[in-house]
Amino acid sequence: MINIYLVRHGQTYLNKYFRIQGSANAPLTVKGVADAVDAGKRLSKIKFDHAYSSDMPRAYDTGKYILKQNPSSLEEPIMDTAFREENFGYFEGNDSEQAWHQIGGPKGMGSYGEMIDKLGMGGTADLIAEADPYGDAETDSDIRARFMPGLKNAIQNAKDGENVLIAAHGTIIRWAIDQFADSSIDVSESILNGSVSKLTAEPDGTNIKVQYYNRTDENV
C-alpha cells in the first residue's frame with residue numbers, strides 16, 4: 001500500500017485578508033511559515049520516499065519547510081502543475097465572502113461551505129465556472145483532467161509501503177478527498193493551513209481510499 005500525505009500550504013497574505021487565491025499567489029506570512037514548520041514537525045516520524053508540490057511558490061515553499069523537519073534525504077519537492085490550486089478565474093483576489101454570496105446566493109447558497117454541502121466539490125467548481133463572465137475558471141472536468149494523472153503518476157512512481165508527500169492547496173485537496181471519501185468525511189468543513197489529509201492506494205494506482213481529512217494534531 002502507498003501512503004499519500006496531502007498538506008495544505010501555510011497561511012499567505014491573501015488567506016489572511018480572506019481573499020480568493022487560486023491561480024493568484026501571495027507569499028507565506030510569518031504564521032504561514034510557522035504552519036509549514038509545524039506540519040513538518042508533526043510529520044517528522046514519517047520518512048518520505050517521494051515529495052511533490054504544486055508549482056506555486058506557497059506550496060513549494062511549504063514542501064521545503066516540511067522536508068527540513070523530515071528524516072528523509074529529500075531537500076525539495078518535485079513541482080507538478082497537476083497539484084495547482086483550482087483556478088477561480090474572474091473571482092481571483094475577490095473578497096471571499098462577497099464572491100461566494102454573489103455566486104451561490106441566487107441559488108439559495110450564501111457561503112462556500114453551503115455550496116459544497118449541496119453540490120459537492122465538482123458541482124461547486126462548475127457553478128463558479130458558470131458564473132465567471134470571462135470563462136477562465138476551471139470546471140470539474142478541467143480539474144479532473146490535470147489532477148488525476150498527476151496523482152496516479154505519484155502513486156505509480158512509489159513502491160509498496162512507501163510514503164509520498166504532496167504539498168498543495170486547500171480547494172484541490174478538498175476536491176481530491178471528495179473523489180474518494182465515504183459519507184463520514186465532510187469536505188464542506190473548512191480546511192486549515194498546514195493541515196494533513198491522507199490517502200492510501202495500491203501500487204498500480206487502484207483502490208484509492210481516504211484515511212482522514214484536515215488534521216492538525218499529532219495523529220498523522
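Start at 1 with the first residue, then count along the sequence.
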Give a yes or no answer on whether the side chain of [X] reaches the backbone of [Y] with a donor-acceptor pair at less than 3.5 Å.
{"X": "R42", "Y": "V220", "value": "no"}
{"X": "S96", "Y": "F18", "value": "yes"}
{"X": "E97", "Y": "S111", "value": "no"}
{"X": "E86", "Y": "G22", "value": "no"}
{"X": "R146", "Y": "A82", "value": "yes"}
{"X": "T62", "Y": "H9", "value": "no"}
{"X": "E92", "Y": "A24", "value": "yes"}
{"X": "D132", "Y": "A129", "value": "no"}
{"X": "S197", "Y": "N214", "value": "yes"}
{"X": "D126", "Y": "G123", "value": "no"}

May I ask you to decide if the ring planes of Y90 and Y134 are parallel, tilted or perpendicular, using 30° and 60° as cut-offs?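 Plane angle under 30°, so parallel.
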Can you classify the ring geometry of Y52 versus F83 as parallel (below 30°), tilted (30 to 60°) or perpendicular (above 60°)?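 Taking F83 first and then Y52, their aromatic rings stand perpendicular (interplane angle over 60°).
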Suppose we screen for side-chain hydrogen bond (donor to acceptor under 3.5 Å, both in side chains). Which residues come up paired with N70, at least two apart in sequence or across chains?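 For N70 there are no side-chain hydrogen bond (donor to acceptor under 3.5 Å, both in side chains) partners, ignoring immediate neighbours.
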If we only count heavy atoms from C-beta on, is the [X] to [Y] side-chain gap below 4.5 Å?
{"X": "W175", "Y": "T124", "answer": "no"}
{"X": "E85", "Y": "Q21", "answer": "no"}
{"X": "D182", "Y": "V210", "answer": "no"}
{"X": "K152", "Y": "I208", "answer": "yes"}
{"X": "E189", "Y": "I116", "answer": "no"}
{"X": "N94", "Y": "F88", "answer": "no"}
{"X": "L6", "Y": "K198", "answer": "no"}
{"X": "M121", "Y": "T171", "answer": "yes"}

Of all the heavy-atom pairs spanning [X] and [Y], show the shortest one and how long it is.
{"X": "M56", "Y": "S54", "value": "N-OG, 2.9 Å"}
{"X": "L74", "Y": "S72", "value": "N-OG, 2.9 Å"}
{"X": "A39", "Y": "G194", "value": "CB-O, 3.5 Å"}
{"X": "N15", "Y": "G10", "value": "OD1-O, 3.9 Å"}
{"X": "A99", "Y": "I20", "value": "CB-CD1, 3.4 Å"}
{"X": "S23", "Y": "N87", "value": "OG-OD1, 3.6 Å"}

Regarding K31 and D35, does a basic nitrogen lie under 4.0 Å from an acidic carboxylate oxygen?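 Salt bridge: yes.
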Is any NZ, NE, NH1 or NH2 atom of the basic residue among R174 and D178 found under 4.0 Å from an Asp or Glu carboxylate oxygen of the other?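 A salt bridge is absent here (no side-chain N lies under 4.0 Å from a carboxylate O).
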Out of curiosity, does [Y] fall in the hydrophobic cluster containing [X] (side-chain heavy atoms, cut-off under 4.5 Å, transitive links)?
{"X": "Y112", "Y": "F91", "answer": "yes"}
{"X": "L199", "Y": "I78", "answer": "yes"}
{"X": "V7", "Y": "V33", "answer": "no"}
{"X": "I155", "Y": "Y212", "answer": "no"}
{"X": "V187", "Y": "M148", "answer": "yes"}

Evaluation steps, side-chain contact (heavy atoms from CB on, under 4.5 Å), between R19 and D95: CA-CA 5 Å; R19 298 280 171 173; D95 176 272; 4.0 Å; yes
[atom1]-[atom2] distance between [X] and [Y], expressed to the nearest 0.5 angstrom:
{"X": "L28", "Y": "K16", "atom1": "CG", "atom2": "NZ", "answer": "13.0 Å"}
{"X": "H50", "Y": "K159", "atom1": "NE2", "atom2": "NZ", "answer": "7.5 Å"}
{"X": "Y213", "Y": "I185", "atom1": "OH", "atom2": "CD1", "answer": "9.5 Å"}
{"X": "D80", "Y": "N153", "atom1": "CG", "atom2": "CG", "answer": "7.0 Å"}
{"X": "D38", "Y": "I66", "atom1": "CG", "atom2": "CD1", "answer": "10.0 Å"}
{"X": "M109", "Y": "H101", "atom1": "CE", "atom2": "NE2", "answer": "12.0 Å"}

Residue pairs fulfilling salt bridge (Lys or Arg N to Asp or Glu O under 4.0 Å) with at least one residue in residues 211-220, sequence neighbours excluded: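 Qualifying pairs: none.
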Show me the pairs that pass salt bridge (Lys or Arg N to Asp or Glu O under 4.0 Å) and involve residues 49-60, at least two apart or across chains.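 For residues 49-60: D55-R84.
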Is it true that the side chains of S44 and Q69 contain a donor and an acceptor less than 3.5 Å apart?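 Note: S44 and Q69 side chains miss the donor-acceptor criterion.
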F180/L151 under side-chain contact (heavy atoms from CB on, under 4.5 Å): CA gap, chis, key distance, verdict: CA-CA 12 Å; F180 307 110; L151 178 63; 4.0 Å; yes
Identified side-chain contact (heavy atoms from CB on, under 4.5 Å) counterpart of L165 within the set V196, L67, N3: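 The residue from V196, L67, N3 that satisfies side-chain contact (heavy atoms from CB on, under 4.5 Å) with L165 turns out to be L67.
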Within 6.0 angstrom of K45 NZ, more than 12 heavy atoms from elsewhere: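 Atom NZ in K45 is crowded, with more than 12 foreign heavy atoms closer than 6.0 Å.
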Evaluate side-chain contact (heavy atoms from CB on, under 4.5 Å) for Y60 paired with E76, printing each intermediate quantity in order. CA-CA 8 Å; Y60 175 73; E76 59 185 15; 2.6 Å; yes
